[in-house]
Amino acid sequence: MSHRVYLRSLGCRLNQSELEALARQLAGRGCQVVDDPAQADICVVNTCAVTAEAERKTRHLLRALARANPQARIAVLGCAATLRGEELAAFPNVAWVIPNEEKERAVEALTPSPLPPSPSPVERERGRGVGGVGVRTRAFVKIQDGCDNACTYCIVHILRGPVRSRPPEEVVAEIAERVREGYQEAVLTGVNIGAYGRDLGRPGGLAGLVAAILAQTDLPRLRLSSVEPWDVDESLLALWPNPRLCRQLHLPLQSGCEATLRRMGRRITAAEYARLLERIRAAVPDMAVTTDIIVGFPGEDEAEFAESLAFVERMGFARLHVFPFSPRPGTPAARMGGQVPEPVMQERAARMRDLGERLAARYRRRFLGQELAVLWERRRRDGLWHGLTDNYLQVVTACPADLHNRIVPTRLVGEQNGFLLGEVV
Ligand code: SF4
């Protein structure tokens with residue numbers, strides 16, 4: 001019997017790309033991917049454990065799925081399955097708990113006897129997203145897994161193990177396939193993509209892979225997900241004259257305070273980070289540099305937080321992702337003295353987010369009056385189209401034509417609730 005499978009991903013883009021790959025494998029074994037859990041006989045959740053909040057969302061979703069469809073069996077994959085396997089196995093309807101090291105074989109566990117392939121889930125669902133997997137204009141392509149760093153707050157490198165990279169030929173072939181399917185943009189994802197290729201014993205690294213993708217495929221747009229700042233070198237920066245490479249670099253900073261960064265075990269100082277940003281902006285003046293910031297790391301007093309806040313302001317980021325510190329079991333930071341009380345942490349998060357909004361507004365206003373190419377992704381409930389420029393500006397427009405999955409020159413004429421208003425040229 002053919003299975004009907006509902007897929008949900010929590011957490012990072014890597015989880016999303018893994019789930020998209022699983023959707024394709026399941027379709028290849030005769031399963032039908034559905035976008036309503038009530039229609040499914042198997043529900044798959046790719047989980048996240050990066051914070052206590054992410055784990056809470058996992059538990060909440062598992063209960064909601066069991067309520068929405070008491071007949072469906074549930075498969076729990078990923079980081080929370082690795083960290084909390086026994087606990088999650090006891091949740092209602094959970095039939096499989098598949099930790100990260102067994103994830104690659106998840107498709108065989110879920111469908112022991114394959115059937116003839118069903119139509120590609122991407123073709124069938126274009127424009128709607130596959131069971132919450134994502135928008136069908138940008139493909140998230142996994143290029144590596146794991147991380148060899150040891151940031152003291154991080155559980156991801158513990159749960160996902162050391163760096164393992166996919167061979168470049170395989171990545172290029174996958175992207176060529178996504179281009180044939182009609183995708184306009186691919187986002188390279190992984191736990192630590194700056195470390196790409198170090199385990200393969202071949203020269204080139206991430207810069208070599210990006211160069212190969214640009215040279216060997218017709219992909220209109222290529223975007224990098226998060227790159228650790230110490231992995232950005234001249235060979236990577238030298239690629240940006242190519243207009244198909246999106247002018248966005250997500251460089252996790254985590255704190256702008258030198259002492260906090262040392263306790264975090266980060267491999268860069270704030271001063272080195274500032275010098276790197278100068279080099280990046282000299283090479284690519286309009287680059288959208290976005291970042292992650294943790295507030296309330298153990299030992300962060302008001303003076304350290306103020307140093308971090310002032311540094312973030314000086315760096316002029318295009319967007320901030322702010323996370324209150326969340327102690328993760330088994331990490332050095334969870335055992336450190338000076339844990340910051342929750343109300344203090346929340347107050348600092350609010351101040352940092354407020355700064356983030358001001359910086360984002362400052363960045364996007366630089367582009368008012370300019371004409372930029374926008375990849376239009378979806379029509380919102382209010383009827384406006386929503387899309388992204390290559391430098392990660394979010395644009396909306398009122399347009400009667402079907403703009404879905406088209407890259408169109410657009411004049412940026414105003415602002416509306418944190419979005420830029422565009423006029424399609
Ligand atoms: S670079 Fe640090 S934060 Fe990122 S995955 Fe590796 S250890 Fe974790």
Side-chain angles (χ1 to χ4, degrees), residues 9-18 46-55 78-83 99-101 103 140 142-166 187-199 205-206 224-233 236 249-270 272-273 276 289-300 308 312 317 320-336 352:
S9 155
L10 296 169
C12 60
R13 285 170 169 180
L14 176 59
N15 270 8
Q16 190 174 329
S17 68
E18 287 172 347
N46 202 10
T47 61
C48 175
V50 73
T51 59
E53 174 62 13
E55 284 189 52
C79 286
T82 311
L83 183 67
N100 284 330
E101 63 271 20
K103 221 177 205 176
F140 294 94
K142 177 175 174 176
I143 64 169
Q144 63 85 238
D145 206 335
C147 176
D148 297 330
N149 298 313
C151 304
T152 57
Y153 53 83
C154 177
I155 194 159
V156 178
H157 72 108
I158 300 170
L159 296 176
R160 288 204 177 244
V163 171
R164 282 107 55 215
S165 306
R166 290 175 71 194
V187 185
L188 302 185
T189 64
V191 173
N192 183 0
I193 67 168
Y196 174 81
R198 282 183 203 150
D199 54 317
L206 178 63
L224 306 180
S225 62
S226 187
V227 182
E228 290 300 338
W230 50 85
D231 290 324
V232 177
D233 59 14
L236 194 64
L249 261 178
H250 187 82
L251 301 176
L253 171 64
Q254 309 302 5
S255 171
C257 165
E258 299 286 13
T260 316
L261 281 175
R262 279 196 295 277
R263 292 198 303 281
M264 287 177 161
R266 299 286 289 166
R267 290 177 43 195
I268 195 166
T269 64
E272 287 163 346
Y273 190 102
L276 172 66
V289 181
T290 54
T291 201
D292 297 328
I293 299 289
I294 295 172
V295 298
F297 188 78
E300 184 191 72
S308 185
V312 168
F317 292 107
L320 296 188
H321 295 245
V322 178
F323 302 91
F325 171 72
S326 177
R328 301 283 64 212
T331 61
R335 299 188 296 273
M336 285 179 187
M352 190 63 86

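Read the numbers this way: they start at 1 and go in the same order the structure lists the ligands and their atoms.
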* Salt-bridge test for D145 and R164: reply yes if a basic N is under 4.0 Å from a carboxylate O, no otherwise. =>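 R164 and D145: salt-bridged.
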* Asked: Should the pair E272-R266 be classified as a salt bridge under the 4.0 Å nitrogen-to-oxygen rule?
  ->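 A salt bridge is absent here (no side-chain N lies under 4.0 Å from a carboxylate O).
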* Please collect all salt bridge (Lys or Arg N to Asp or Glu O under 4.0 Å) contacts where either partner lies in residues 254-263, sequence neighbours excluded, each pair once. =>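 Every pair satisfying salt bridge (Lys or Arg N to Asp or Glu O under 4.0 Å) with a residue in residues 254-263: R263-E304.
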* Asked: So which of N192, N149, V50 actually passes side-chain contact (heavy atoms from CB on, under 4.5 Å) with V156?
  ->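 One option only clears the test, and that one is V50.
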* **Nearest-neighbour protein heavy atom for atom 3 (S) of ligand 1, which is reported as residue plus atom name and distance** =>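 The closest heavy atom on the protein side is Y153 OH, 3.4 Å.
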* From L224 atom CG to Y196 atom OH, the distance as rounded to the nearest 0.5 Å ->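 If I round to the nearest 0.5 Å, the distance is 13.0 Å.
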* Check whether any side-chain heavy atom of C257 lies under 4.5 Å from a side-chain heavy atom of E300, and answer yes or no. =>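 Heavy-atom side-chain distance check fails, nothing below 4.5 Å.
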* Atoms of protein origin (N, O or S) under 2.8 Å from atom 6 (Fe) of ligand 1 ->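 Metal shell, protein only: C147 SG.
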